[in-house]
Amino acid sequence: MNTSSLLIAGIVYFAFAYIVYGRVLEKIFRVDKSRKCPSERMADGIDYVKTNPMVLFGHHFASIAGAGPIVGPVLAAKYGWVPAVVWILLGCVFIGAMHDFAAMYLSVRHDGRSVAYVVEKELGYWGRQIFLVFCLVLLVLVVAVFTDQVANSFLNTPSVATSSILFIVLAPIMGCVLKNKLLDLLEASLIFVPLTFLCIWLGTLFPCDLPALLGVSVSQARIVWYLILLYYAFIASTIPVWFMLQPRDYLNSFLLYAMMIVGVAGVIAARATLTMPTIVIPEGGSVIPDVFPLLFVTIACGACSGFHSLVASGTSSKQIANEKDIRRVGYGGMLVEGVLAIIAICSVCYLSAENYATLASQTHNAAPTMFAMGVGHFAEALGIPSYIGSTFIVLTISAFILTSLDTGTRLARFLWQELVMPSEKMPAVNSADAPQRPIGRGRAFLGNRWTGTIAIIVLAFLMLCTGESVRMWPVFGAANQLLAAMTLLTVTLFLLRKRYPWLFAMLPMLFMWGVSVFALANLMQANWEKNKYLSCIAILLLVMAVILAVLAVKRLLNARKNSQGVSAP
């Protein structure tokens, strides 16, 4: 089979799923196009902002994509391209995209609150608190790891640093232009999108080589970048979304669209043969525990990712203008990410197994480089020199890691506020029907957006100083899928309470729960002697997951009893 056939078949499949299964989900959840969304009912000009669906799609897609749908599939290719592709195709449509759609829908129907608020309604106060702690651990890790990755990309490719700084300057200008209605979206796009690509070119002309500029060592420059990036994340996550988040992500999305256009056209034009083995059986003849469950936690973004539920219910749900946009933004955004994951598979599976292993062993963070080299190779079939295509891909990936950094910080701030504030006060304090029970000064101080953001930034910086963020990344992969299972559990309980069809959510939930718990247990055992800190984190996550599972089983049994009682004559 060649890469062209695989990609075309994947695109047709995802388009069909959007039209058919997307509409089925709208009917099951009873999407109401006439219902006012939180962005209109609770508009505050900071987080709750009614947004053009095209702009919102750009923000949402940029936030959930990042480097995830590239790194995961590239690393999972070592298991063979067939199991990776099957997981992407089935997981994306029936688990991941459905998971994102449901998370966004539940948040929109609950005043734009995070999934944790719905967890409280289904599993009680302590279920909510455990869920929030679980999510916060993951997001602090996300902020730390993404800060480290961006800092390293700035040091390795100084032109990326210059381009990123120019993006940050350009985005607020576009935000002010749109906010004050000086230009409409189309007019602003015609001006600012070309300027975005100009920033990339200027970055190559004036690279920001921090060690040379400051006369410091690489390790010292890395600390400086840590401080700069975390300060940026602090500012970007507390100012109004229209000023930085929306326009920056909207402009960055065009970089990703351009990358995908080059990727799709290049893959189709090159028609490279898939040389990697269809499936790789580990030594000893067993697929456990390598292919199963590690394949399913290696490919998260592109198939299913719990982080998406935090984006869908954290920032995107507060900007949805109409419930009809949930399918376009939530379900459609994940399907486009699935296409990107297929491109990532094609970008390395034209290599032989020996060449793949050699490239993968050359550097610790080899996946983005291998993807860039693969797409650059395909771009030659379009008449684009390989080095130009590869450089553009590296710059685009780095820009999206930066996007995920400040989005993750904002989401962590939301969850921190929900953790320390009474649930009825978060975040609907400006709603006319919100309870107005007084809260103490201490809790009010801890719950304001400045304190919460500072706490997240400090925790992330301490983690960076210990160096544990890199060593914890394998556990994060499994915990991320466990978060998806928890979200699907909440969705299942919601559907049962509403007496809506629920099996389509429960079966994926059970699968994701089993895969993630199995993976965490395996990683805990494998790392016990090498890194007890890593193993303790895995134990903590497993304990919280088990407690939530017990609460869910009790709730399901009670729901079944109540249902039998109602139906009894």
Side-chain angles (χ1 to χ4, degrees), residues 66-67 116 129-155 210 214 216-238 306-307 310 314 364-365 401-421 442-443 445-480 483 520 523-524 527 530-544:
Q129 295 298 90
I130 293 171
F131 183 84
L132 284 171
V133 171
F134 188 99
C135 294
L136 273 173
V137 171
L138 292 184
L139 284 175
V140 171
L141 177 60
V142 165
V143 172
V145 172
F146 285 174
T147 299
D148 184 63
Q149 289 183 349
V150 174
N152 285 326
S153 69
F154 285 1
L155 292 170
L210 203 59
L214 300 181
V216 297
S217 65
V218 172
S219 59
Q220 291 172 327
R222 182 177 289 107
I223 297 296
V224 173
W225 276 127
Y226 285 167
L227 295 173
I228 293 173
L229 289 168
L230 290 174
Y231 178 74
Y232 160 75
F234 170 77
I235 298 298
S237 63
T238 52
F307 176 71
L310 302 181
H364 177 71
N365 191 26
I401 296 175
L402 186 62
T403 296
S404 299
L405 168 62
D406 56 54
T407 298
T409 307
R410 185 177 288 262
L411 294 173
R413 187 252 295 178
F414 289 155
L415 294 176
W416 173 279
Q417 290 178 292
E418 290 195 41
L419 181 66
V420 302
M421 294 287 282
R443 181 172 278 189
F445 171 76
L446 290 175
N448 74 67
R449 71 178 188 270
W450 308 106
T451 305
T453 308
I454 290 173
I456 300 303
I457 293 297
V458 170
L459 289 173
F461 182 73
L462 292 175
M463 186 172 290
L464 284 167
C465 291
T466 63
E468 293 297 335
S469 59
V470 175
R471 291 192 286 271
M472 285 177 60
W473 187 255
V475 171
F476 167 76
N480 183 45
L483 175 57
L520 272 175
L523 289 168
M524 177 188 67
N527 287 281
K530 301 176 184 177
N531 192 329
K532 286 186 170 56
Y533 181 79
L534 187 66
S535 298
C536 289
I537 293 293
I539 292 173
L540 175 63
L541 295 172
L542 281 171
V543 168
M544 289 190 287

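Residues: numbered from 1 along the sequence shown.
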Asker: How long is the straight-line distance from CG of Leu230 back to CG of Asp406, given to the nearest 0.5 Å?
Answerer: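 Here the interatomic distance stands at 11.5 Å.
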Asker: Quick one: pull up OG1 in Thr147 and CD1 in Ile228 and give me the separation to the nearest 0.5 Å.
Answerer: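 Output value for this atom pair is 12.0 Å.
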Asker: Of all the heavy-atom pairs spanning Ala412 and Leu136, show the shortest one and how long it is.
Answerer: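 Reported closest heavy-atom pair: O-CD2, 3.6 Å.
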Asker: How close do Gly408 and Leu139 get, heavy atom to heavy atom, and via which atoms?
Answerer: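 Closest pair (atom of Gly408, atom of Leu139, distance): O-CD2, 4.2 Å.
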Asker: In Å, rounded to the nearest 0.5 Å, how long is the span from CD1 of Ile223 to CG of Leu210?
Answerer: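 Rounded to the nearest 0.5 Å, the CD1-CG separation comes to 12.0 Å.
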Asker: If the plane angle is over 60° it's perpendicular, under 30° parallel, otherwise tilted; pick one for Phe234 and Trp450.
Answerer: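 Phe234 and Trp450: tilted rings.
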Asker: Under the 3.5 angstrom rule, does the side chain of Asp148 hit a backbone N or O of Ala144 as a donor-acceptor pair?
Answerer: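 Judged by distance alone, no pair lies under 3.5 Å.
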Asker: Does anything in residues 129-144 form a side chain to side chain donor-acceptor pair (under 3.5 Å)? List the pairs, not counting sequence neighbours.
Answerer: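 Output for this query lists Tyr125-Gln129.
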Asker: Are any side-chain N or O atoms of Arg410 and backbone N or O atoms of Ala236, one a donor and one an acceptor, separated by less than 3.5 Å?
Answerer: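 Looks like yes, one N/O pair under 3.5 Å.
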Asker: Nearest 0.5 angstrom please: Phe461 CZ to Ile457 CD1, how far?
Answerer: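 These two atoms lie 11.0 Å from each other.
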Asker: With side chains defined as the heavy atoms from C-beta onward, is the minimum distance between Phe307 and Leu138 less than 4.5 Å?
Answerer: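 Sidechains of Leu138 and Phe307: no contact.
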Asker: Pick from Leu132, Val140, Ile456: which one makes a side chain to side chain contact (heavy atoms under 4.5 Å, CB included) with Trp416?
Answerer: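 Answer to the side chain to side chain contact (heavy atoms under 4.5 Å, CB included) test with Trp416 among Leu132, Val140, Ile456: Ile456.
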Asker: Looking at every heavy atom in both Val143 and Ala460, which two are closest together, and how far apart are they?
Answerer: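 Heavy-atom minimum between the residues: CG1-CB, 3.7 Å.
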Asker: Any heavy-atom pair between the side chains of Phe134 and Leu540 that's under 4.5 Å?
Answerer: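 They are not in side-chain contact.
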Asker: State the OH-OG1 distance between Tyr232 and Thr409, to the nearest 0.5 angstrom.
Answerer: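 Nearest 0.5 Å value for the OH-OG1 distance: 9.0 Å.
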Asker: Looking only at non-hydrogen atoms, find the nearest pair between Ala151 and Trp225 and report the distance.
Answerer: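 Closest approach of Ala151 to Trp225, heavy atoms only: CB-CB, 3.9 Å.
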Asker: Got Thr451 and Val420 here, is their nearest side-chain heavy-atom distance under 4.5 Å?
Answerer: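 Thr451 vs Val420: side chains apart.
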Asker: Heavy atoms only: give me the nearest Leu411-Gly314 pair and the separation to one decimal.
Answerer: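 In terms of heavy atoms, the two residues are closest at CD2-CA, 3.5 Å.
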Asker: Tell me, do Leu405 and Leu229 make a side-chain contact under 4.5 Å, heavy atoms counted?
Answerer: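 Leu405 reaches Leu229 side chain to side chain.
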Asker: What pair of heavy atoms forms the shortest contact from Leu155 to Ala221, and how long is it?
Answerer: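 Looking at all heavy atoms of both residues, the closest pair is CD2-CB, 3.8 Å.
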Asker: Drop me the distance from Arg413's CZ to Ile454's CD1, to the nearest 0.5 angstrom.
Answerer: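 These two atoms lie 12.0 Å from each other.
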